[in-house]
Student: 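One structure coming up, written as structure tokens, with questions to follow.
Just follow the structure's listing: the first ligand is 1, and inside any ligand the first atom is 1. Positions are given from 1, in the same order as the sequence printed here.
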Amino acid sequence: MVLYNPGQFTRYPSEPVDSGIRFHYLGGGNEVGNVGCIIEDNTGTRILIDYGLAPTRPPKYPDQSPPITDAIITHSHIDHIGMVPWLTRFNNVKFHGTSLTAGVSEIMWKDTYKVSKIEGYPLSWDKRDLEYALESWITHEYGEWFAVGAWKCRLHRAGHMPGACMVEIETPTHKILWSGDLDTRDSPNTYGAKPIECDILCLEATYGGKNHPDRKEEESRFVSAVQKIVQRGGVVLVPAFASGRGQDILRILHREAPHLNVHYDGMGTRLTRKWFENPQHIRDPETLMKVWKWTKKVSSKSDRKKALQADVIVTTSGMLDGGPALWYLNRLRNDSANGILITGYQAENSGGRKLLDEGKISIFGNITKIDLEISQFQLSNHAGHSELCKFAKDCNPKSMLLFHAPEESRDVIFSEMGKEIDIHLPVNGIPIHINS
Ligand SMILES: [Zn+2]
């Protein structure tokens, strides 16, 4: 089902840019996820950065993109990449990204397509668009300049997950840095992002106003909770995102408790194989390979039954909205020795949020009470408040746009840094011009 067609519903302004840089958020301006932003200047150069969807029920889509020749995709999470195949309606459109983002995109898009069919939600692109999209990638190493119109661009490590990038853009008048989803801290599978001096910084502010606990201490607290459940004879279920978090958990468990019997199920098993094809994006890929051999991968129904005897099961979906995690939960819920360890943020209306708040969750359509130990750990791969502010200071921009954030997160950064930096709070569909 086609939700919209080019030229029919775009709110993008028809007049050209007089001077300076125009930023127009199609999505992700005043919300978390669902990201897409058009950047344009008076040379007529125009790029789109990211084009995602919010995997809510029903999914939420960004505004329609105006015609473009080039899009830069920061990473392969669905809220940044989910709508990209739709862009193939523009002839000869090119998608720029790292080789890992391009490699993983096929798995993400095929899964999005499958889920939309199963759940009966409309998707505005089809299988043919997906095939064209896979042929439209131009991949770049970090630090390698490439031209888009009158601009020069290059990608830098963003730290959020392997292959994720920030985008540096040099226009004739301004140097722009787009942070993508950002973490300046090292994590098990990737090193943190480094600041880059710029005139205009577009900064994701998901965790503005909120500081993370010390990463090492939080990892130890997680491992202790796992060992406690295993020692009393229970199985630990760890719901985790397929891209990044799941692999982080495996590395932490292998490092701290290699005697455990750990099984890994869901889309992450296929994604991790793509990681090995792009080892330049992985922190210490040899160790990850050891972890991978140690992990028992679930690839059949009988493997899944065997996994019920494991010490730990790491699987999707990370917010308990579907995937094998619910299948396991439905079987593990009858033995109170078992436990569920949640490893990050759980969105409003997600299964994981309901489980944390009410001790109940929808399993195959039935609201089910879960009488198991449920604990939450902050193993986020986004920079926290103090990292965001330090990164912004070190980039030393004149202007800053805060996006991909709840309203209160942007407000805290605004009141802390608004005197030194000219801060803008973009709203979807309303252009921002920056001249200075
Ligand atoms: Zn992300």
Student: Just by modelled atom types, is the I313 backbone N or O under 3.5 Å from a matching donor or acceptor in the H263 side chain?
Tutor: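 Looks like no, no N/O pair under 3.5 Å.
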Student: Run through the protein N/O/S atoms less than 2.8 Å from the Zn ion (ligand 1) and write them out by chain and number.
Tutor: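 Near the Zn ion (ligand 1), below 2.8 Å, one finds H75 NE2, H77 ND1, H160 NE2, D181 OD2.
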Student: Please confirm whether the backbone N or O of P162 pairs with a side-chain atom of W275, one donor and one acceptor, at under 3.5 Å?
Tutor: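 Between the backbone of P162 and the side chain of W275 there is no qualifying donor-acceptor contact (under 3.5 Å).
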Student: Which residues pass the side-chain hydrogen bond (donor to acceptor under 3.5 Å, both in side chains) test with K360, not counting sequence neighbours?
Tutor: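 For K360, no residue satisfies side-chain hydrogen bond (donor to acceptor under 3.5 Å, both in side chains) once neighbours in sequence are set aside.
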Student: Using modelled atom types only, decide if a donor and an acceptor are shared between the side chain of E31 and the backbone of G28 within a distance under 3.5 Å.
Tutor: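 Yes, E31 side chain to G28 backbone: donor-acceptor pair under 3.5 Å.
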Student: When the ring centroid of W178 is compared with that of F403, is the distance short of 6.0 Å?
Tutor: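 Distance test on ring centres: under 6.0 Å, yes.
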Student: Checking T112 side chain against G82 main chain: does a donor-acceptor pair fall under 3.5 Å?
Tutor: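 Flag not set: sc T112 to bb G82 has no pair under 3.5 Å.
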